[in-house]
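Encoded as structure tokens, the structure appears first; notes follow it.
Keep in mind it's a predicted model, so treat the numbers as computed, not measured. Just so we're on the same page: letters track the sequence lines, and every chain starts at 1. Quick note: numbers below take in every heavy atom, side chains included, and nothing from hydrogens, waters or symmetry partners.
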Protein chains: 2
Amino acid sequence: MRKTNVCSVGMPARGIAGLKDVAARTGLSVSVVSRALNPHPDKNARVAEETRKWVLNVAGEMGFRRNRSAEFMKRGGVATIGVFLPASPNRLVADLVFGIAEVLEAEDFPMQISFDNFAEGFRRFLEHNMDLSHSGVISYPSLVDDPKVEAEVKDYCRGKGRMVLLNTALRLDDVPVVAMDEELGGRMAAEQLLERGCGQFCVVGKCMGRQKGFHSALADAGRKGNEFNGDPDGLKRLASFCRGGSEDRPVGVFAVTDILALRVMRALSGGDARVGTEVLLVGYDDLDLTGETTPSLTTIHQPFREEGRMAARKLINLIYGGKEDPVLISPRLVARESA
Amino acid sequence: MRKTNVCSVGMPARGIAGLKDVAARTGLSVSVVSRALNPHPDKNARVAEETRKWVLNVAGEMGFRRNRSAEFMKRGGVATIGVFLPASPNRLVADLVFGIAEVLEAEDFPMQISFDNFAEGFRRFLEHNMDLSHSGVISYPSLVDDPKVEAEVKDYCRGKGRMVLLNTALRLDDVPVVAMDEELGGRMAAEQLLERGCGQFCVVGKCMGRQKGFHSALADAGRKGNEFNGDPDGLKRLASFCRGGSEDRPVGVFAVTDILALRVMRALSGGDARVGTEVLLVGYDDLDLTGETTPSLTTIHQPFREEGRMAARKLINLIYGGKEDPVLISPRLVARESA
DNA sequence: TTGAAAGCGCTACCAG
DNA sequence: CTGGTAGCGCTTTCAA
């Protein structure tokens, strides 16, 4: 419900104030107002500094909001930002969507999300977006590192396509990657286990960066970690290894995933090496229920919401001709009962 | 990368085929093509059936996709669909987003998501969207039943605003509500517990519909359920109640939420009433890790993805002048170790 | 430094 | 039933 304004000059019939309305109010032409209000003016878009300030003021008062559709229609494309995410219905993806949506909403950018898990899906998505000449793309191609995909990405970026990649192994010029610092996450797990006085160390499951960070932190302390698979067999072996733990010198276990961590708990349940005392356990992801398990799970939280925000901000800047560098985001440890 | 076409008549310079391209190819005027391709033609938009089929064919071959921004710009609004969801970073919300995004993407509708938990946020969202004259809104106002919100909703719908509400207590003419059948969910929990031979029954936590369904299924079987709060005190009382269970005649517990279910597990841990034998436990929501706890949790799955799909489809139909009824979606039981 | 005018892709109105 | 034309809100030549 729009508040009725005392001054009715240049107020729109319905909806929000547009360029035309601001122009009417200021008495300037639409062109000038457009240029003054454009945060990313093109070369020949010169406006007197004084005029710009004035227009900016009036526009602010009138609650001007640029119509992105019209902006990009004129520019020969579609305002919509394409988002490609893995189809995992968990808090990680939800957080990512929160972050992206938050800044896109603030900037009045619409989006279109596509969910899929595989490289093939990502390629389809790119083709689709190329044709639509979307203003830009944020994508989380699930750690894809595939030459065909790489070609497709390059193709997309050759024209006006702008792209930000999330947590991927792909490295391309002019395509900034926003990623989680997985090695740091692994280090954090090791450091917590070290600090809590563990005598022996295990890592369960495969995840390059996390494992690497874990081992290197251990090495820094003159210790060594043992590797176990996440399959039933590996877990069985881990369970028997854990019998060597005591309250004094617990065994420290790092599961590269919360899911794996819960499987470790299960493998250990019923035995006499209890998680939280004889065995200290750290997971990774901070999924929904990790705070409610018994014992509650110490885990590495990944700030996906922040990652989403950064990606969206970078993309918008890119679209308007800016330049962006890759960035690494630090996870943080959430200490609970299990370690 | 668009495939090069043998026939180059009416192929667009770049991007996808538009109305103009189809017109060029068929030799018809843009107006006719527009009407032929419009699935929701206005009153006076009459086209020869023969023409329509032909155009439809050609358009299909050319890979025509309507530019929604332009369509709605002309219609005096913005194509973007506003989506308002609770800011809960869990699989429920993720699933909802999946479902909505899936159909919107297929229909080339862009969207804008806003996350908030409270009625106040929803009102801000509506105001914002009213001004933007969004083509429509899907909202999950977190079970709100607030006269102020109701007024705002009515106001929004008075004009061209179209809206679909999710899981809300609000009931308004012309605003279809897509909701989960919570009573049925409660019934399912009771029936599972009955079937597994429980002798006594408890429900933990407050949630009207779910409780009601639970009790009524129990009543149908000539049984009665005891209510417990979800706070520490209530859980303590529940734990002592559960000591009455045996393998033969277990106590059946229905937690109205998975989180509560895990708290029940914790309250019972260490005692001699074990979940899965002396105590049978059913949760609600089927969150991320419920399949991995020990014992794994039997729970009621809510098909939020399907709910999202339905809501989006209904909204689109509404936008084009269709009529839609409210609908109730059935949850389903996921049987695991705890019951 | 400013303004007028063309045009992005589409629909709606009005003539034929 | 079909075609021409105006115009949605904006950017971008091009002239003044």
Is the distance from OP1 or OP2 of [N] to the nearest side-chain N or O of [X] less than 4.0 Å?
X	N	value
A/Arg52	C/dT1	no
B/Thr51	D/dT2	yes
A/Arg75	D/dT12	yes
A/Arg68	D/dG9	no
B/Ser29	D/dT2	no
B/Asn38	C/dT11	yes

Between atom [atom1] in [X] and atom [atom2] in [N], what is the gap in whole Å?
X	N	atom1	atom2	answer
A/Arg66	D/dC8	CZ	P	18 Å
B/Lys74	D/dC8	NZ	P	7 Å
B/Tyr320	C/dC10	OH	C1'	11 Å
B/Lys20	C/dC8	NZ	C1'	8 Å
B/Glu49	D/dT2	CD	P	11 Å
B/Arg35	D/dG3	CZ	P	9 Å
A/Phe72	D/dG9	CZ	P	18 Å
A/Arg65	D/dC10	CZ	P	12 Å

Counting heavy atoms from C-beta on, name the nucleotide in [options] closest to the side chain of [X].
X	options	value
A/Glu71	D/dC10, C/dT1, C/dT11	D/dC10
A/Ser34	C/dG3, C/dG9, D/dT11	D/dT11
B/Ala48	D/dT2, C/dT11, D/dT13	D/dT2
A/Phe64	D/dC10, D/dT2, C/dC10	D/dC10
B/Met73	C/dG9, D/dG3, D/dT12	C/dG9

Looking at [Y] and [X], is any side-chain nitrogen of the basic one under 4.0 Å from a carboxylate oxygen of the acidic one?
X	Y	answer
B/Glu324	B/Arg313	no
A/Asp108	A/Arg65	yes
A/Glu71	A/Arg75	yes
B/Glu150	B/Lys154	yes

DNA chain D: 5'-proximal contact among B/Ala70 and A/Ser31 (nearest heavy atom):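 Result: B/Ala70.
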Residue list, side chain to side chain donor-acceptor pair (under 3.5 Å) with B/Arg124, at least two apart or on another chain: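 Partners of B/Arg124 under the side chain to side chain donor-acceptor pair (under 3.5 Å) test: B/Asp116.
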B/Tyr140 and B/Phe115: CA distance, side-chain angles, deciding distance, side chain to side chain contact (heavy atoms under 4.5 Å, CB included) verdict: CA-CA 10 Å; B/Tyr140 192 152; B/Phe115 293 97; over 6 Å; no
Partner of A/Leu165 under side-chain contact (heavy atoms from CB on, under 4.5 Å), chosen from A/Val177, A/Val178, A/Val137: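 That would be A/Val177.
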Pairs touching residues 64-84 of chain A that satisfy ring pair (Phe, Tyr, Trp, His ring centres under 6.0 Å), sequence neighbours left out: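 Qualifying pairs, neighbours excluded: A/Phe72-A/Phe109, A/Phe84-A/Phe122, A/Phe84-A/Phe125.
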Rounded to 10 degrees, the angle between the two terminal axes of the helix from C/dT1-D/dA16 to C/dG16-D/dC1, each from five pairs: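 Answer rounded to 10°: the end axes differ by 40°.
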Touch class at under 4.0 angstrom, heavy-atom based, for B/Ser69 against every strand present: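 Nothing, no nucleic acid heavy atom in range.
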